[in-house]
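A quick write-up on the structure given underneath.
Residue indices begin at 1 and follow the sequence shown.
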Amino acid sequence: SLIIAAAPKKGYPSGKSAMIRDGYLYTAGHSKRDGAGFPLSFARVKTCDIENPGSYEYLDGQGRWTGDFRECAYFFNDVSGECSLSYNSCDRVYDVFYARVFTGETLHVTFRDFSSINSMKSRVIYSPPLPREGGMWAYSAKEIFSEGCRTFLIYIDPDKYQPVLLELER
């Protein structure tokens, strides 16, 4: 079945990335209520309630799920373009991959459960070549495929306007 992850209301986190786990649809996306930075926010909804905007929950700053959007927290204040959120069954962790704004570096965040996400730090797993003078940095790093302990992701090279494939060594 096809699931479209859209923000239930304007200004709410959109589904730049979505995954289903334990009966929930989880989304990661940009959410800027105050215009500061380039953060991600996380939302979840039971898959049976996806069409009910009142059923969505948002991750707060303490890593708890709340139905109050005003408590929705910002994470990783340097996210450019699209990202990915997934669960890696080999390591039994959640993975977030994204491109850092203004550098194009591909970053990886890993955490065991959402309650610990606030203490997690991004680590650089790939630094792209410097852009040509006046060029853009790489953007939109995200996982595209995972099998066992192998994870593949892409970032967009703006000079070629093509995805570049990376493999994460775990």
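The SG atom of C149 lies 6.5 Å from the CG atom of N88; values are rounded to the nearest 0.5 Å. Distance CZ/F145 to CD/E167: 11.0 Å, rounded to 0.5 Å. Note: F76 CZ to R100 CZ = 11.5 Å, rounded to the nearest 0.5 Å. From S86, atom OG reaches atom NZ of K142 across 11.0 Å, with rounding to the nearest 0.5 Å.
The other residues sharing a hydrophobic cluster with L130 are W137, where clustering joins ILVMFWY side chains under 4.5 Å apart.
At distances below 3.5 Å, at least one donor-acceptor pair connects side-chain atoms of N77 with backbone N or O atoms of F38. With hydrogens and angles ignored, the 3.5 Å screen pairs a side-chain donor or acceptor of S41 with a backbone N or O of A73. Using a distance-only test at 3.5 Å, with no hydrogens or angles considered, no donor-acceptor pair links the side chain of N118 to the main chain of Q62. At distances below 3.5 Å, not a single donor-acceptor pair connects side-chain atoms of R92 with backbone N or O atoms of R112. Remark: side-chain polar atoms of S140 are paired, donor with acceptor, to backbone N or O of E82 under 3.5 angstrom.
The nearest pair of heavy atoms linking L107 to S122 is CD2-CB, 3.2 Å. Contact record, F75 with D60: CZ-O, 3.6 Å, taken as the closest heavy-atom pair. Residues L25 and T47 come closest through the heavy atom pair N-CG2, 3.9 Å. In terms of heavy-atom proximity, D78 sits nearest to Y98 at OD1-OH, 2.7 Å. A99 approaches A138 most closely through the heavy-atom pair CB-O, 4.3 Å.
Cluster membership check: I154 shares its hydrophobic cluster with F152, using side-chain heavy-atom separations under 4.5 Å among Ile, Leu, Val, Met, Phe, Trp and Tyr. Cluster annotation: L166 and L168 are assigned to the same hydrophobic cluster (Ile/Leu/Val/Met/Phe/Trp/Tyr, side-chain heavy-atom contacts under 4.5 Å, transitive). V96 is connected to W65 through a chain of hydrophobic side-chain contacts under 4.5 Å among Ile, Leu, Val, Met, Phe, Trp and Tyr, so both are in one cluster. Cluster annotation: V124 and V109 are assigned to the same hydrophobic cluster (Ile/Leu/Val/Met/Phe/Trp/Tyr, side-chain heavy-atom contacts under 4.5 Å, transitive). Placement of M19 and V79 within a single hydrophobic cluster is found when ILVMFWY residues are connected by side-chain heavy-atom separations under 4.5 Å, directly or transitively.
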Next on the checklist: Show, in sequence, the C-alpha distance, side-chain angles and deciding distance for D91 and T110, and conclude whether the side-chain contact (heavy atoms from CB on, under 4.5 Å) test is met.
Outcome noted: CA-CA 10 Å; D91 292 335; T110 184; over 6 Å; no
Checklist entry - So L40 and C83, side-chain contact (heavy atoms from CB on, under 4.5 Å) or not? Walk me through it. => result CA-CA 9 Å; L40 283 182; C83 63; 3.7 Å; yes
Next on the checklist: Would I125 and L153 count as a side-chain contact (heavy atoms from CB on, under 4.5 Å) here? Give the steps.
Outcome noted: CA-CA 11 Å; I125 59 172; L153 50 145; 4.0 Å; yes
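The aromatic rings of Y56 and Y58 sit parallel, their planes meeting at an angle under 30°, below the 60° perpendicular limit. Aromatic ring pairs are classed by plane angle as parallel below 30°, tilted from 30° to 60° and perpendicular above 60°; the pair H108 and F97 is parallel. Ring-plane geometry between Y161 and Y139 is classed as tilted, the angle between the planes lying from 30 to 60 degrees on a 0 to 90 degree scale.
When the options Y24, Y94, F111 are evaluated for a ring pair (Phe, Tyr, Trp, His ring centres under 6.0 Å) with Y87, the one that passes is Y94.
Aromatic ring centres of F114 and Y26 lie closer together than 6.0 Å.
Remark: E51 CD is loosely packed, at most 12 non-hydrogen atoms of other residues, nucleotides or ligands lying under 6.0 Å away.
In this model, a donor atom of one side chain and an acceptor atom of the other lie less than 3.5 Å apart for S115 and D113.
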